[in-house]
Number of protein chains: 2
Amino acid sequence: MNQTPQGASGQALLFLTDEQLRKGIEAMFFAYQGFTADPDRILEGMAYGRAHHRAIHFIHRSPGTTVNNLLAILGVTKQSLNRVLRTLIADGLVSSTVGTRDKRERHLHLTPQGATLERSLSDAQRDRMRTAYRAAGPVAVAGFRQVLEAMMDEDMRRHYLTLVDKPDGR
Amino acid sequence: MNQTPQGASGQALLFLTDEQLRKGIEAMFFAYQGFTADPDRILEGMAYGRAHHRAIHFIHRSPGTTVNNLLAILGVTKQSLNRVLRTLIADGLVSSTVGTRDKRERHLHLTPQGATLERSLSDAQRDRMRTAYRAAGPVAVAGFRQVLEAMMDEDMRRHYLTLVDKPDGR
DNA sequence: AGGATACGTCAGCCTTGTTGACATGACTAG
DNA sequence: CTAGTCATGTCAACAAGGCTGACGTATCCT
């Protein structure tokens with residue numbers, strides 16, 4: 001099945017063979033290890049892990065975001081997120097301030113210390129990405145993004161699209 | 001820093017801005033969620049998780065592989081892997097046979113039941129990949145693979161390269 | 001014969017995910 | 001104003017899947 005698929009036009013769609021799809025799957029697996037390796041190295045021994053990195057990243061990206069919004073982006077339970085946020089707030093990396101319009105909400109921001117850690121994490125991750133981008137070239141990079149976007153779940157693509165074009169403010 | 005990098009030739013390398021790199025990072029994060037979502041759904045409630053999926057995938061891909069080889073590919077400790085293998089062997093999805101050349105080694109194979117589960121997991125994952133590939137087109141797919149390969153750690157790229165061109169035997 | 005290797009296992013720990021239950025304060029509809 | 005809903009925090013308990021360290025057995029190799 002699907003070993004040599006044909007387009008409606010009769011054009012051979014050789015990039016859609018099971019073989020090609022499997023190669024993409026294996027590439028995703030090994031690449032993701034590299035993707036997380038550098039931040040993981042920085043965080044190890046700091047009592048923080050990947051979950052803290054994710055929280056820090058998205059608070060940096062959406063300063064003043066609420067807990068509920070962060071919950072939707074990360075796709076975890078509030079108990080899971082709260083455990084992470086609690087340590088980040090206690091350690092002075094994140095600030096939580098009562099909402100102005102709606103006082104039930106808490107607005108999350110990185111403190112200067114939190115911003116420093118965020119910077120070192122994203123620097124490390126960008127370094128690897130830059131090397132990969134440079135090696136692959138601009139055309140490859142465009143394709144890379146296209147395929148990744150097509151791979152997302154519908155809900156997550158929504159979050160991605162609203163985030164990705166916001167300026168970084170750095 | 002690095003907001004509008006210039007090539008040695010003076011050509012603007014706009015795809016290497018921090019902004020572009022960040023978009024790639026966020027795309028990787030959200031895409032990986034989609035990448036694992038379908039197998040995760042199948043495995044939930046089966047007493048298996050992502051670790052079992054990985055073991056099953058690579059045993060399928062390298063029938064007769066040894067524990068040590070699997071350890072290197074997965075990048076975990078033998079205790080972690082053993083916990084997973086033990087349940088898969090006990091449940092009759094994987095067989096472990098004493099090595100022929102070297103009797104210290106165990107050769108790992110999927111049983112017919114293991115192959116059935118592998119099939120359903122990889123079918124689900126390939127379906128999503130196929131949809132993404134089709135939406136993005138062959139040129140994008142080539143770039144996707146290029147960037148992912150450039151993103152891997154050196155050690156893992158070695159494993160990837162020796163695996164990726166092996167036939168799937170299915 | 002002795003050391004290295006491949007594997008299995010026990011015990012204990014950590015992070016990060018889960019469910020369920022409950023409390024508080026704030027908003028909102030009637 | 002009251003009742004219901006919402007946003008958040010927290011407690012307890014549990015599970016998956018990482019980790020380290022230690023130990024044992026069988027096998028291979030020098």
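Listed pair A:N68 / D:dT8 meets the phosphate criterion, a side-chain N or O lying under 4.0 Å from OP1 or OP2. The phosphate of D:dC19 has OP1 or OP2 within less than 4.0 Å of a side-chain N or O from B:S80. Contact between the side-chain N/O atoms of B:R83 and the OP1/OP2 oxygens of D:dA16 is not found at any separation under 4.0 Å. For B:R86, a side-chain nitrogen or oxygen approaches OP1 or OP2 of C:dT9 to under 4.0 Å. Residue A:T77 has no polar side-chain atom (N or O) positioned under 4.0 Å from OP1 or OP2 of C:dG17. Considering only side-chain N and O atoms, B:H52 lies under 4.0 angstrom from the phosphate OP1 or OP2 of D:dG17.
In this structure, A:Y32 and A:F35 have tilted ring planes: the angle between them lies in the 30° to 60° band. The aromatic rings of B:H57 and B:H53 lie perpendicular to each other, with more than 60° between the two planes, well past the 30° mark.
Not a single donor-acceptor pair under 3.5 Å links the side chain of B:H159 to the backbone N or O of B:M156. A distance-only check finds no donor-acceptor pair linking the side chain of A:R128 to the backbone of A:D38 [under 3.5 Å].
Atom NE2 of B:H53 and atom C1' of D:dG17 are 16 Å apart (whole Å).
For D:dT27, the base has no donor-acceptor partner in the side chain of B:K103 [N/O atoms by modelled type, under 3.5 angstrom]. For A:Q79 against C:dG20, a side-chain N or O and a base N or O form a donor-acceptor pair under 3.5 Å.
Here the nucleotide nearest the side chain of B:N82, chosen from D:dT8, C:dC27, C:dT9, is C:dT9. Distance from the side chain of A:R104 is smallest for C:dC27 among the nucleotides C:dC27, D:dT8, D:dT27. Distance from the side chain of A:R54 is smallest to C:dT16 among C:dT16, C:dA6, D:dG17.
Remark on DNA chain D: of its neighbouring residues B:R50 and A:D102, the 5'-side contact belongs to A:D102, judged by nearest-heavy-atom nucleotide. Looking at which nucleotide of DNA chain D each of B:A47 and B:R106 is closest to, the 5′-most match is held by B:A47. Between A:V84 and B:I89, the residue anchored nearer the 5' end of DNA chain C, judged by the nucleotide with its closest heavy atom, is B:I89.
A distance below 6.0 Å separates the ring centres of B:F58 and A:F29.
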